[in-house]
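Written out below as structure tokens is the structure these notes cover.
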2 protein chains.
Amino acid sequence: MAEIARLAGVDTSTVSRALAGSPRVTKETRALIDKIVHETGYVVNETARHLRGGRANQILVIVSDIAAPFYSDVVQGIVETLAERGINVLLGVTLRQAKREAQLAKQLLTGVVDGIITVTGSIPKPVLSMPGFERKVLAISRAVPHEGVTCVTIDNCAATRQVMQHLHQRGHRRIVYIGGPNYSETYRDRRGAYADFMRENGLAELARMRATDSFNDDADSGFHIMKSILNEGDRPTAVFCATDELAIGAMAAARQADQIIPRDISFFGFDDLKLTPLMSPPLSTVSVPRFEMGRRGAEALFRQVYKDAPSSSKVVLDHRLILRDSVATIV
Amino acid sequence: MAEIARLAGVDTSTVSRALAGSPRVTKETRALIDKIVHETGYVVNETARHLRGGRANQILVIVSDIAAPFYSDVVQGIVETLAERGINVLLGVTLRQAKREAQLAKQLLTGVVDGIITVTGSIPKPVLSMPGFERKVLAISRAVPHEGVTCVTIDNCAATRQVMQHLHQRGHRRIVYIGGPNYSETYRDRRGAYADFMRENGLAELARMRATDSFNDDADSGFHIMKSILNEGDRPTAVFCATDELAIGAMAAARQADQIIPRDISFFGFDDLKLTPLMSPPLSTVSVPRFEMGRRGAEALFRQVYKDAPSSSKVVLDHRLILRDSVATIV
DNA sequence: ATCGCCGATACAACCGATTGCATTGTTGGC
DNA sequence: GCCAACAATGCAATCGGTTGTATCGGCGAT
């Protein structure tokens with residue numbers, strides 16, 4: 001910028017103002033500066049701007065694993081939305097290790113980012129000691145156990161209830177639940193709503209809930225759980241999987257055991273991943289607005305961090321049941 | 001830092017050196033400073049450090065769409081690797097628009113990032129005018145048309161040839177190719193190797209190549225292409241899909257037309273996505289080391305940017321054929 | 001006892017922009 | 001024709017660190 005100022009025969013402050021579009025520079029000066037900037041290919045140093053301005057214009061997104069389709073869709077929504085607003089997205093993956101999460105937290109403390117969107121259901125510890133962190137952090141999909149932090153999610157209990165009602169109406173009673181690890185609020189909600197429904201409908205004794213090992217909730221774990229269920233005898237007529245990934249694995253296990261879906265066993269998923277209509281058979285599932293969750297979360301955090309908007313407690317988006325061909329009617 | 005210096009009764013330069021582990025500070029001073037730092041919860045301002053040091057310790061990853069499973073796996077590999085080295089990853093998605101790509105390029109020019117990993121097969125124009133950009137840019141999966149830029153990829157031609165040989169040995173002659181848009185070098189290579197193989201084996205007249213519309217290469221496009229192929233009559237005995245996503249869609253279309261796979265039609269995919277062994281039937285495919293591509297690419301760029309290593313032209317990783325149950329033998 | 005050397009720390013410039021305030025020059029009013 | 005007011009620009013401090021060089025003090029050697 002000093003170079004530009006020299007060439008234009010003005011001070012750097014004038015160049016700065018000209019570039020910022022301040023009304024305090026003449027058209028002529030502005031034109032001259034613009035011309036020189038164009039000729040020399042000069043671009044401002046964002047780092048210096050950040051240092052002076054105190055804003056990094058960057059937001060950190062924390063997921064446990066970007067390779068999981070659910071998260072990558074959410075992140076896509078976030079990145080698109082923030083890019084439109086000139087905000088960069090830093091991507092952090094925790095691999096479900098608290099240590100990594102703590103490392104990532106430093107990015108906020110050291111001023112590398114202005115805010116954090118977490119899709120893991122937890123806030124890195126070091127962040128909690130920051131005064132006013134509530135406005136700088138936002139949770140998507142999984143709520144975090146902290147007052148004042150905005151959370152964008154869906155109504156997991158209501159959705160689960162609707163799924164169960166559907167299965168029940170179709171004549172299913174012997175319904176198994178396959179879910180992910182219960183440290184996740186999402187899975188706790190879905191499992192809880194399942195259990196409640198079974199109890200309320202006098203099916204408490206038929207309720208069977210299975211969760212994946214420790215940290216796994218991918219298709220493979222669904223496959224293995226389903227395999228063990230099939231080996232136990234006393235087969236269910238329907239399986240409610242807490243995610244489509246689990247359902248894809250579970251259906252594969254059923255097919256491998258020569259079960260015809262849905263004739264022998266029905267399946268219901270959750271998420272409506274892009275691939276599920278192409279499964280064999282197309283999977284009935286709950287549509288979860290993943291991109292939209294990302295978009296809304298990004299918008300909300302943007303307003304909180306850069307526009308001084310207050311944080312709200314919860315933003316609940318709509319879900320809806322997608323009925324395809326994986327559920328049979330029992331007569 | 002000034003505050004720390006004041007409390008410790010020393011100069012900021014001493015604090016800086018103490019924190020940096022310089023041998024030029026006494027144990028006592030260091031201990032005192034460490035204690036005060038700990039008590040006050042002080043953390044350095046990375047932005048200031050970057051301004052002075054000229055390094056952002058950030059690298060930009062450009063993909064067209066993080067929601068595509070192929071890309072999200074590559075990105076996972078990149079993020080893990082760079083995190084280990086203390087480098088942040090900025091994620092940029094182009095949605096295949098040159099405009100967005102150009103915007104992202106600015107991050108390098110303005111010093112926000114020190115390097116770029118592109119998985120789109122192209123380098124943003126503004127970057128090309130940077131002297132020495134070759135060392136700051138690296139391509140993964142798809143090569144870029146620029147001398148001196150390192151590219152991490154696999155041998156698409158060899159892999160395609162092996163697939164075709166396999167299908168040929170199993171008795172298939174009427175083999176269709178379904179690929180993505182040909183502006184991508186990857187798809188051109190795979191299609192070219194397919195065409196060559198057909199010609200070299202006297203099957204030139206049976207060669208049929210279909211590409212998806214413009215920018216689409218997801219499962220849905222595979223579905224629609226397959227549907228139109230089935231409508232044309234003169235059905236192929238085998239379909240070679242240039243990606244697993246296309247294959248998943250194509251298989252769904254075949255099933256919907258009451259074709260039994262592989263009895264009526266065989267399928268071969270490419271990528272070995274995590275879900276393909278769970279398909280119905282499990283898909284034969286080419287294993288592509290996506291995480292490893294990300295890791296190796298990240299390592300190489302890290303060395304180039306931060307360790308002054310020279311750029312190499314090409315890093316070719318191993319692929320291998322995964323034979324499952326989607327290909328029948330024709331007698 | 002004095003000189004020289006060395007280790008520990010302080011001083012100050014620097015990275016590259018932004019911005020409040022001072023200064024300069026011009027114009028308009030009376 | 002002089003002064004006030006205002007528009008345009010320059011000056012300099014600032015953001016928060018890092019680092020080359022200067023300074024200070026103590027100790028060993030002669």
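Both backbone and side-chain heavy atoms feed into the values below; hydrogens, waters and symmetry mates do not.
Counting any heavy atom pair closer than 4.0 Å across all strands shown, B:N45 reaches sugar-phosphate atoms only and no base atom. As judged by a 4.0 angstrom heavy-atom cut-off over every strand, B:V15 is placed among residues making no nucleic acid contact. The residue A:R49 sits close only to the backbone: its heavy atoms come under 4.0 Å of sugar-phosphate atoms, none of a base. Within the nucleic acid shown, B:T26 comes within 4.0 Å of sugar-phosphate atoms alone, with no base atom in reach, counting heavy atoms only.
Closest to the side chain of A:A48, out of D:dT18, C:dA17, D:dA8, is C:dA17. The nucleotide whose nearest atom lies closest to any side-chain atom of A:V10 is, among D:dG17, C:dA10, D:dG10, D:dG10.
Listed pair A:T12 / C:dG16 fails the phosphate criterion, with no side-chain N or O lying under 4.0 Å from OP1 or OP2. Taking side-chain N and O atoms only, A:Y42 has a distance below 4.0 Å to OP1 or OP2 of C:dA17. Considering only side-chain N and O atoms, A:S13 lies nowhere under 4.0 angstrom from the phosphate OP1 or OP2 of C:dA17. Applying the 4.0 Å criterion to OP1 and OP2 of C:dT9, one finds that B:T14 has every side-chain N and O outside that range.
Between A:H50 atom NE2 and C:dG16 atom P there is a gap of 15 Å when expressed in whole angstrom units. Counting to the nearest Å, the P atom of D:dC11 and the CZ atom of A:R6 are 16 Å from each other. Separating the CZ atom of B:R55 from the C1' atom of D:dG17 is a distance of 16 Å, rounded to the nearest angstrom. Nucleotide D:dG20 holds its C1' atom 8 Å from the CZ atom of B:R24, rounded to whole Å. In this structure, CE of A:M1 is placed 19 Å from P of D:dC15, rounded to the nearest angstrom. Spacing between atom CG of B:L109 and atom P of C:dA17 amounts to 13 Å, rounded to whole angstrom units. In this entry the distance linking CG of B:D11 with C1' of C:dA12 reads 9 Å, nearest Å. Rounded to an integer number of Å, the gap from CG of A:L51 to C1' of C:dT19 is 14 Å.
Side-chain contact check for A:L301 versus A:I59: some heavy-atom pair is nearer than 4.5 Å.
With hydrogens and angles ignored, no donor-acceptor pair closer than 3.5 Å exists between the side chain of A:R30 and the base of D:dT9. A donor-acceptor contact under 3.5 Å is not formed by the side chain of A:R17 with the base of C:dT18. No hydrogens or angles were tested; on distance alone, nothing pairs the side chain of B:R52 with the base of D:dT19 as donor and acceptor under 3.5 Å. For B:T47 against D:dC15, no side-chain N or O and base N or O form a donor-acceptor pair under 3.5 Å.
Listed here is the closest heavy atom pair of A:V149 and A:L138: CG1-CA, 4.2 Å. In terms of heavy-atom proximity, B:R142 sits nearest to B:T120 at NH1-O, 3.3 Å.
A donor-acceptor pair is defined here as one N or O able to donate and one able to accept, closer than 3.5 Å; no such pair exists between the side chain of B:D73 and the backbone of B:F291.
The pair B:R49-B:E46 meets the salt-bridge criterion, since a charged nitrogen lies less than 4.0 angstrom from a carboxylate oxygen. A salt bridge is defined here as a Lys NZ or Arg NE, NH1 or NH2 lying under 4.0 Å from an Asp or Glu carboxylate O, and B:R100 with A:E80 fails to meet this definition.
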